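Keep in mind that what you see is a predicted model, and the values were worked out from it rather than measured. These values consider heavy atoms only, across backbone and side chains, with no hydrogens, waters or symmetry-generated copies. A note on names: the letters A, B, ... follow the listed sequences, proteins ahead of strands, and every chain is numbered from 1.
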Amino acid sequence: MLFQSQKRKIQDDLSEFRQTVAACVKRMREAIEMYCETSDREKLKEDIKDVSRLEGRADDIRRELEIMLYSKSLYPESRGDLLGLLESTDRIANRAESTATMLRTHHIDIPPEFHEQIKELAKISERCVLAMLESQEQLFTDFRLAVEAVGRVNELESVADKIETDLIESIFSSETKGYKKLLLREFVERVVSISDHAENVGDRVRIVVAKRGI
Amino acid sequence: MSLLPLSGGVFMGWALGALDSANVFGTAVASRVISFRKATLLCSVMVILGAVLQGEAGMHTYRDLAEQNLRTVLVASVAAGLAVTFMILKALPISASQSMVGAIAGIGLASDTVNWSGLTTILICWVATPIGSLLIGMVVYKLLSLFFTRVPMGILTRDQLIWGGLVVVGCYGAYTLGANNVANVTGIYSGQFTALGLTDLHLALLGGLFISFGTLTYSKKMMIAVGTGIMRLDALMSLVAVTSMAITVHIFAIVGIPVSTSHALVGAICGIGFLTGGSGLKLERIRTISLAWLFTPLLSLILSSAGYAIFC
């Protein structure tokens with residue numbers, strides 16, 4: 001039997017996990033903005049450390065939760081759903097880390113004419129993740145409302161796709177050198193993959209709700 | 001006088017426990033909401049409780065169905081137990097009540113002592129059981145649907161309510177199984193052992209123990225068959241099905257007519273199936289079960305009549 005204290009513990013840990021993922025994506029967005037504005041590689045290293053630390057913390061919470069979900073007598077349907085959501089949400093933190101790290105390891109050079117679009121893309125991706133995390137939170141308060149938040153995830157993901165398309169077109173029609181164009185495109189695709197993945201997690205949320213539909 | 005004829009009751013009780021405890025916890029076990037071991041333990045305790053507290057009314061009904069002596073009750077019990085065992089081997093959720101009534105009727109026909117009025121009442125109740133449970137199932141499903149769609153709650157709370165609910169109604173179902181169906185096990189012995197000081201209450205307790213024996217030793221196969229055989233059930237549907245079955249069987253336990261938990265459960269699942277569009281119902285399986293319902297009393301009737309001709 002799942003007692004109130006166990007349920008509370010699971011919900012609290014899930015809440016901390018969501019906050020950590022949100023903080024990780026926020027720090028990635030801030031790192032991209034800072035890099036666009038200052039090109040300060042030392043500061044970038046510090047920011048990436050923060051992103052990595054948060055990603056590591058999200059991993060730790062996920063592992064603890066997985067053990068808890070298996071050891072507590074959670075209803076099997078809930079256990080499968082929560083484990084699926086945990087794993088897929090954790091991948092967003094992984095992508096945030098790899099995106100920020102790419103700026104450093106690949107020495108990405110972002111020409112000034114793309115700064116605003118890239119910063120906007122990072123912002124939209126973050127908002128997309130936040131909407132997805134909100135939909136997850138709704139699952140534990142009033143799961144019928146979770147689908148509304150997933151709808152916002154879909155809208156934001158579409159906006160991110162549009163920015164990505166325009167940006168890549170701009171990159172390849174610019175005077176930037178060939179290999180730099182390819183690197184920049186890869187970077188843009190990584191940023192967009194965060195909103196893509198948030199949408200995938202949102203679809204999972206939708207299924208969790210649909211399974212409990214009457 | 002010896003207690004040897006009670007061995008027929010042990011056999012019948014074992015068969016009934018193996019068969020009917022599936023109706024109580026089968027959906028929960030098949031949905032992996034509760035482990036088989038926990039389910040059988042809970043079921044056994046509640047069956048004994050139901051048999052002792054409310055099982056006597058049905059026992060009187062069987063006592064009055066045909067004239068019996070210690071030989072005929074043994075023959076009837078063994079015949080009914082054989083019929084049920086045969087159906088268990090075929091994994092068909094048939095009725096222990098039908099089997100026992102068929103066997104008593106077989107003895108009654110052979111000895112020309114059938115109480116036709118009592119038998120007619122029982123036949124009417126057999127028809128009323130799945131229909132009543134179907135209707136109750138539809139009402140319960142609608143009510144629970146309303147509750148779960150109107151009341152704001154998280155998925156953990158929802159699942160916890162359904163999960164806890166399944167265990168609670170499983171216990172209630174086991175209680176009603178004991179209360180209603182103990183008559184199938186030792187009801188036929190009512191009044192046969194007064195010389196040994198065995199009252200109906202003692203027989204109810206023994207019947208409950210015999211049913212528990214079947215539950216604990218041989219109910220797994222049927223639990224899986226009931227849980228997945230008629231329609232793929234989610235946890236909420238399982239909750240509705242067992243609740244409806246338990247309510248129906250409890251009503252008949254109060255009336256004093258032993259009916260079939262299998263009939264009640266299949267009726268309830270069909271009710272849910274109709275409300276949800278019926279696409280999940282396995283019609284071929286329902287047809288097979290329905291035929292088994294017709295075949296069971298005939299089989300036990302033939303077996304007990306033959307047994308009467310040979311041994312009595």
Side-chain angles (χ1 to χ4, degrees), chain A residues 1-18 65 68-86 89 133-150 201-202 204-214, chain B residues 27-39 41-42 137-171 227-228 232-240 271-277 279-280:
Chain A
M1 183 71 71
L2 184 66
F3 295 106
Q4 281 305 114
S5 59
Q6 294 170 337
K7 191 173 86 173
R8 173 55 52 197
K9 169 80 176 134
I10 290 171
Q11 286 185 228
D12 287 349
D13 283 5
L14 282 167
S15 176
E16 190 189 351
F17 176 72
R18 289 194 297 274
L65 267 165
M68 199 189 323
L69 289 174
Y70 274 115
S71 59
K72 303 292 178 199
S73 306
L74 197 61
Y75 179 62
E77 201 173 11
S78 304
R79 182 189 297 159
D81 288 338
L82 294 185
L83 286 169
L85 283 173
L86 260 181
T89 307
L133 293 173
E134 188 194 326
S135 75
Q136 285 194 31
E137 196 176 340
Q138 297 280 18
L139 286 179
F140 302 100
T141 51
D142 184 355
F143 72 91
R144 301 166 307 167
L145 303 179
V147 176
E148 284 178 33
V150 175
V201 182
R204 271 181 179 270
V205 171
R206 210 189 285 272
I207 290 167
V208 169
V209 175
K211 275 165 71 178
R212 288 163 178 80
I214 306 292
Chain B
T27 47
V29 171
S31 309
R32 291 181 298 138
V33 167
I34 187 170
S35 70
F36 172 73
R37 189 184 168 82
K38 281 181 190 166
L41 282 173
L42 272 176
M138 291 170 106
V139 172
V140 172
Y141 189 76
K142 276 282 176 196
L143 287 175
L144 283 181
S145 302
L146 268 179
F147 174 75
F148 283 110
T149 48
R150 295 283 168 86
V151 179
M153 67 181 77
I155 57 168
L156 291 183
T157 306
R158 176 193 179 277
D159 293 348
Q160 195 176 19
L161 281 174
I162 292 177
W163 183 24
L166 263 172
V167 176
V168 171
V169 297
C171 290
T228 58
R232 190 82 197 166
L233 296 173
D234 63 24
L236 179 62
M237 288 173 175
S238 303
L239 179 66
V240 173
I272 298 165
F274 292 147
L275 275 184
T276 53
S279 59

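- At a 4.5 Å heavy-atom cutoff, A:Val209 makes no contact with chain B through either its backbone or its side chain.
- The neighbour count for A:Lys211 NZ, taken as heavy atoms of other residues, nucleotides or ligands under 6.0 Å away, is above 12.
- For the options B:Ile162, B:Val151, B:Asp159, heavy-atom pairs under 4.5 Å to chain A are most numerous at B:Asp159.
- A:Arg212 approaches B:Arg158 most closely through the heavy-atom pair CG-NH1, 3.3 Å.
- Rounding to the nearest 0.5 angstrom, the gap separating the OG1 atom in B:Thr157 from the CD atom in A:Gln11 is 6.0 Å.
- Rounded to the nearest 0.5 Å, atoms CG (A:Asp142) and CD1 (B:Ile155) are 12.0 Å apart.
- Atom-to-atom distance recorded for B:Leu156:CG and A:Arg8:CZ is 10.0 Å, nearest 0.5 angstrom.
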